[in-house]
Amino acid sequence: MKIVIQRVTSASVTIEQQLHEQIGQGLLLLVGVAPDDGREDLIYAARKIANMRIFSDEAGKMNLSIRDIAGEILSISQFTLYANTKKGNRPAFVGAAEPSLASQLYDDFNDLLAQEVSVKRGIFGADMQIEPVNDGPVTIILDTKNK
């Protein structure tokens with residue numbers, strides 16, 4: 001799995017000109033799934049994200065997790081994280097899992113994460129407009145194959 005983690009003061013997802021979900025302070029996750037991802041990747045990513053200390057404490061030091069601040073997560077499926085741009089100008093997405101597998105693993109990942117924190121989701125495969133208000137900005141890339 002590849003996950004882009006953005007610390008936000010707010011974020012929303014709109015689908016077909018309708019607000020689908022929105023969060024306040026928390027994390028926007030862009031989640032990509034590879035064909036060889038499995039349960040261990042989901043567990044690792046969910047634990048890492050729930051406990052990652054990237055929010056500021058009273059001294060201004062990044063020392064608090066999403067759980068510590070009672071923040072929210074907006075999780076968006078993002079197969080384009082597996083774009084291969086080595087040849088030509090048109091990206092190839094052969095590194096991304098097939099939609100049926102990706103959808104199931106994306107849902108399972110969010111279900112695991114929701115056991116720790118509040119998670120809202122986009123719709124897998126939908127054309128979505130994402131509006132983050134980045135905080136910091138703080139952006140981290142998590143790759144479960146590169147622990």
Side-chain angles (χ1 to χ4, degrees), residues 1-55 62 64-147:
M1 292 181 79
K2 290 183 183 179
I3 304 172
V4 175
I5 304 163
Q6 294 182 321
R7 189 176 74 181
V8 296
T9 56
S10 65
S12 64
V13 57
T14 300
I15 302 171
E16 296 179 3
Q17 287 99 34
Q18 297 292 319
L19 178 64
H20 177 70
E21 291 286 6
Q22 63 184 10
I23 63 167
Q25 184 181 26
L27 299 173
L28 171 62
L29 306 181
L30 304 177
V31 181
V33 178
D36 61 346
D37 286 337
R39 184 134 182 98
E40 63 280 353
D41 295 287
L42 308 179
I43 292 168
Y44 172 80
R47 277 193 193 137
K48 188 63 107 171
I49 291 167
N51 293 298
M52 192 175 287
R53 299 184 316 175
I54 58 174
F55 292 91
M62 284 198 292
L64 301 174
S65 72
I66 186 88
R67 290 165 53 188
D68 295 329
I69 66 155
E72 300 175 285
I73 289 178
L74 178 58
S75 177
I76 304 296
S77 63
Q78 185 77 38
F79 76 94
T80 60
L81 293 177
Y82 281 96
N84 182 331
T85 59
K86 290 182 181 177
K87 289 185 179 180
N89 294 316
R90 184 177 182 172
F93 302 104
V94 295
E98 292 295 320
S100 60
L101 174 63
S103 177
Q104 184 61 56
L105 292 177
Y106 170 73
D107 286 341
D108 292 349
F109 164 71
N110 287 311
D111 291 345
L112 282 170
L113 196 53
Q115 294 174 11
E116 304 287 335
V117 295
S118 173
V119 177
K120 296 181 179 176
R121 310 171 193 199
I123 295 177
F124 186 90
D127 183 15
M128 298 176 275
Q129 290 70 53
I130 312 303
E131 189 172 347
V133 179
N134 289 317
D135 183 15
V138 173
T139 302
I140 295 168
I141 300 171
L142 178 67
D143 185 341
T144 62
K145 303 301 188 222
N146 188 17
K147 297 176 187 167

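- Within 6.0 Å of atom CD in Gln129, more than 12 heavy atoms from other residues, nucleotides or ligands are found, so the atom counts as buried in its surroundings.
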Report the C-alpha distance between Val8 and Leu74 in whole Å, list the side-chain angles of each, state the deciding distance to 0.1 Å, and finish with yes or no for side chain to side chain contact (heavy atoms under 4.5 Å, CB included).
CA-CA 10 Å; Val8 296; Leu74 178 58; over 6 Å; no
Can you list the steps and then say if Val31 with Phe109 is a side chain to side chain contact (heavy atoms under 4.5 Å, CB included)?
CA-CA 9 Å; Val31 181; Phe109 164 71; 3.9 Å; yes
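- What you find for Ile49 and Ile66 is that their closest heavy atoms are O-CG2, 3.8 Å.
- Pairs passing the side-chain hydrogen bond (donor to acceptor under 3.5 Å, both in side chains) check and including a residue from residues 91-110, sequence neighbours excluded, read Ser75-Asn110, Gln104-Asp108.
- Contact detail for Gly125 and Ser77: the closest heavy-atom pair is N-OG, 3.9 Å.
- Looking at every heavy atom in both residues, Ala83 comes nearest to Pro91 through CB-CB, 4.0 Å.
- Around atom NZ of Lys147, more than 12 heavy atoms belonging to other residues, nucleotides or ligands sit under 6.0 Å away.
- Without hydrogens or angle criteria, Thr14 side chain to Gln17 main chain gives no donor-acceptor distance under 3.5 Å.
- Proximity of Leu27 to Val117: side-chain heavy atoms (C-beta onward) are nowhere separated by under 4.5 Å.
- Among Val4, Leu29, Leu30, the one residue that satisfies the side chain to side chain contact (heavy atoms under 4.5 Å, CB included) test with Ile76 is Leu30.
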Checking side chain to side chain contact (heavy atoms under 4.5 Å, CB included) for the pair Thr80/Phe93: CA distance, chi angles, key distance, verdict?
CA-CA 7 Å; Thr80 60; Phe93 302 104; 3.8 Å; yes
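- For the pair Met52 and Ile5, the minimum side-chain heavy-atom distance is below 4.5 Å.
- Rounding to the nearest 0.5 Å places OG of Ser12 at 7.5 Å from CD1 of Ile130.
- The main-chain N or O of Ala50 is never found under 3.5 Å from a side-chain atom of Arg67 such that the two would form a donor-acceptor pair.
- For the pair Tyr82 and Ala96, the tightest heavy-atom approach, listed with the atom from each and the gap, is CB-N, 3.6 Å.
- Between Leu105 and Met1 the shortest side-chain heavy-atom distance does not fall below 4.5 Å.
- Counting only residues at least two apart or in different chains, side-chain hydrogen bond (donor to acceptor under 3.5 Å, both in side chains) contacts with residues 19-48 comprise Asp37-Lys145, Asp41-Thr144, Asp41-Lys145.
- Within a 6.0 Å radius of CD1 in Ile69, more than 12 heavy atoms belonging to other residues, nucleotides or ligands are found.
- Here the closest non-hydrogen pair linking Gly24 and Glu72 is N-OE1, 2.8 Å.
- When all heavy atoms are compared, the tightest approach of Leu113 to Ile73 is CD2-CD1, 3.6 Å.
- Distance check, rounded to the nearest 0.5 Å: CG of Asn134 to CG of Leu28 gives 7.5 Å.
- Distance check, rounded to the nearest 0.5 Å: CD of Gln6 to OG1 of Thr139 gives 4.5 Å.
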